Protein chains: 2
Amino acid sequence: MSPRPGIDRLQLLQTAAELADRDGLHALTLAALAGKLGVRSPSLYNHVDGLTGLHAALTLYGLQTLHDRMLKSVAGRSGEDALRHACLSYVDFARSHPGLYEAALQPIRPDQQEIQQVGDQIVELLLQILVPYQLSQSEALHTVRTLRSLCHGFSSLDRAGQFALDLSLDDSLEFMIQIFIDGLTLHKTRQ
Amino acid sequence: MSPRPGIDRLQLLQTAAELADRDGLHALTLAALAGKLGVRSPSLYNHVDGLTGLHAALTLYGLQTLHDRMLKSVAGRSGEDALRHACLSYVDFARSHPGLYEAALQPIRPDQQEIQQVGDQIVELLLQILVPYQLSQSEALHTVRTLRSLCHGFSSLDRAGQFALDLSLDDSLEFMIQIFIDGLTLHKTRQ
DNA sequence: TTTTTAAAACTAATGGTATTAGTATATTAA
DNA sequence: TTAATATACTAATACCATTAGTTTTAAAAA
């Protein structure tokens with residue numbers, strides 16, 4: 001045990017995520033976080049390495065949460081069903097935790113290995129789902145990039161208010177997943 | 001003519017874009033921009049409405065530039081060829097102007113009509129390209145959302161360093177576009 | 001040519017932010 | 001009861017956006 005309890009790290013991350021979800025990642029300041037935790041800003045430096053460190057911690061926390069959600073949503077499913085639910089859980093997470101999701105996809109530096117690892121876990125989860133499609137290794141990786149682009153692009157554009165038209169978002173999502181699955185199926189049968 | 005020339009607005013936007021491209025949008029401060037323009041920060045308030053106004057101006061400028069690039073790249077092309085080049089020019093713009101592109105896709109408020117309009121122009125350009133596919137109106141709009149999600153997601157993940165693996169980005173992009181075209185083709189033939 | 005005018009530049013000042021240095025405190029372990 | 005140490009604190013600095021008020025400058029009017 002520590003000589004003084006201090007702030008719980010998980011509580012710090014959850015509070016930071018709350019602020020980011022409510023007001024946007026840009027509004028997550030050390031001052032605001034400290035205020036909500038009932039502490040002075042400099043005290044936070046005992047737990048995170050400044051604002052940059054807080055962002056990095058949130059990136060990791062967000063990716064871990066995203067991976068967890070996706071993992072649970074595809075448990076017991078396979079094939080198209082798994083693919084569909086992987087996308088749905090991805091988009092659902094981004095929609096329900098916009099600030100944390102934004103933090104999760106902040107640019108990462110090559111030396112941030114722990115973050116890289118969680119990203120790799122997500123890639124491997126998707127690769128696992130794609131096994132039934134019997135793709136070559138490079139094809140599978142291209143497919144994962146396509147899947148991630150689709151889910152991230154949709155989530156990101158939605159949050160940015162770029163889908164302003166009066167047209168169901170859920171229908172669009174179902175449509176695009178189907179286009180992807182059809183494209184992949186056609187690609188496979190052509191070989 | 002004005003009673004005093006002052007800073008050229010286009011030059012202001014270009015300089016701001018340069019800074020954003022080089023150091024990231026978050027590093028574009030009024031202080032930095034003023035410094036590069038050889039002027040004091042408060043003077044910028046004669047040209048833009050603070051940092052928020054600068055961001056809004058960059059959003060518009062970025063979207064206009066993106067639309068212009070796409071328009072030129074699909075001139076004289078049609079069908080799959082046009083579709084492919086629309087995606088390629090989109091991703092190319094995002095890659096070569098990361099800061100300006102990031103600004104272009106900042107969240108927009110409903111009252112920013114001029115920005116909305118340019119966004120609509122991009123949507124209409126894509127709808128035009130999709131005419132040969134004879135889609136219903138709602139299908140066409142879902143398709144445009146899919147296209148934009150793919151292009152934005154790919155560009156955004158690329159910039160964020162999420163495509164770390166040693167695998168050709170250009171190959172992934174070509175693969176992704178082909179999956180989309182195949183999926184759309186299959187969707188059409190099924191009706 | 002001289003005067004007027006208005007936009008654009010400036011200085012000065014304020015408040016908010018991150019960050020660092022150094023000090024006080026509280027809790028565990030000896 | 002005391003010593004050690006992680007944590008929180010205050011104080012201070014530097015940078016930033018922003019506002020208010022003043023000065024400058026170039027074009028238009030006289």
Side-chain angles (χ1 to χ4, degrees), chain A residues 1-61 99-100 102-103 106-109 112, chain B residues 1-61 99-100 102-103 106-109 112:
Chain A
M1 274 294 176
S2 303
R4 205 172 162 181
I7 295 169
D8 182 39
R9 184 173 176 84
L10 180 60
Q11 187 196 349
L12 182 147
L13 289 175
Q14 285 176 344
T15 306
E18 272 177 37
L19 283 174
D21 285 341
R22 202 190 55 189
D23 305 327
L25 186 60
H26 72 279
L28 172 63
T29 62
L30 289 181
L33 179 58
K36 192 145 192 176
L37 288 171
V39 109
R40 307 287 182 160
S41 315
S43 306
L44 296 178
Y45 284 77
N46 288 315
H47 305 280
V48 291
D49 189 11
L51 188 59
T52 306
L54 174 62
H55 283 148
L58 266 190
T59 300
L60 182 61
Y61 180 56
L100 182 56
E102 188 182 353
Q106 285 296 103
I108 55 181
R109 297 192 314 274
Q112 298 176 305
Chain B
M1 271 296 175
S2 302
R4 205 173 160 181
I7 295 170
D8 182 38
R9 184 173 176 83
L10 180 60
Q11 186 196 349
L12 182 147
L13 289 175
Q14 285 176 342
T15 306
E18 273 177 38
L19 284 174
D21 286 340
R22 202 189 57 190
D23 306 326
L25 187 60
H26 72 278
L28 173 63
T29 63
L30 289 181
L33 179 58
K36 191 144 190 176
L37 288 170
V39 109
R40 306 287 183 160
S41 316
S43 306
L44 295 179
Y45 284 77
N46 288 315
H47 304 279
V48 291
D49 190 11
L51 189 59
T52 306
L54 175 61
H55 283 148
L58 266 191
T59 300
L60 182 61
Y61 179 56
L100 182 56
E102 188 182 354
Q106 286 297 102
I108 56 181
R109 298 192 314 273
Q112 298 176 306

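Just so you know, these numbers come straight off a predicted model, no measurement behind them.
- Heavy atoms only, all atoms of each residue included: A:L37 and A:Q11 are closest at CD2-NE2, 4.0 Å.
- Using a 4.5 Å heavy-atom cutoff, the side chains of B:H55 and B:L25 are in contact.
- Residues satisfying the side-chain contact (heavy atoms from CB on, under 4.5 Å) test with B:A31, not counting sequence neighbours, are B:T29, B:S41.
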Problem set entry | Criterion side chain to side chain contact (heavy atoms under 4.5 Å, CB included) on A:L60 and A:Q112, from CA distance to verdict | CA-CA 10 Å; A:L60 182 61; A:Q112 298 176 305; over 6 Å; no

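- Sorted by residue number, the members of residues 32-46 of chain A with any non-hydrogen atom under 4.0 Å from DNA chain D read A:V39, A:R40, A:P42, A:S43, A:N46.
- Nearest heavy atom pair, residue A:A27 against residue A:A32, reads O-CB, 4.3 Å.
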Check: protein-nucleotides 24-26 of chain C nitrogen or oxygen pairs below 3.5 Å:
| from | atom 1 | to | atom 2 | distance (Å) |
| --- | --- | --- | --- | --- |
| C:dT25 | O2 | A:R4 | NH1 | 2.8 |

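- Remark: B:D49 engages no residue in a side-chain contact (heavy atoms from CB on, under 4.5 Å) (not counting sequence neighbours).
- Between A:H26 atom NE2 and D:dC16 atom C1' the separation is 16 Å, expressed in whole Å.
- Taking atom CG of residue B:L51 and atom P of nucleotide D:dC15, one finds them 18 Å apart after rounding to whole Å.
- A:A16 and A:L54 get closest at one heavy-atom pair: CB-CD1, 4.1 Å.
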For this session: Might you work through the side chain to side chain contact (heavy atoms under 4.5 Å, CB included) test for A:D23 and A:L28, ending with a clear yes or no?
Result: CA-CA 7 Å; A:D23 305 327; A:L28 172 63; over 6 Å; no

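- The two atoms that bring A:D21 and A:G99 nearest to each other are OD1-N, 2.8 Å, heavy atoms only.
- Listed here is the closest heavy atom pair of B:G50 and B:Y45: CA-CE2, 3.5 Å.
- Remark: B:A57 engages B:R9, B:L13 in a side-chain contact (heavy atoms from CB on, under 4.5 Å) (not counting sequence neighbours).
- Remark: P of D:dC16 and NE2 of B:H55 are 14 Å apart, rounded to the nearest angstrom.
- Of the residues in residues 6-21 of chain B, those with a non-hydrogen atom less than 4.0 angstrom from any atom of DNA chain C are B:G6, B:I7.
- Rounded to a whole Å, the CG atom of B:L30 is 16 Å from the C1' atom of C:dC10.
- One finds no side-chain N or O of B:H47 lying less than 4.0 angstrom from the OP1 or OP2 phosphate oxygen of C:dA7.
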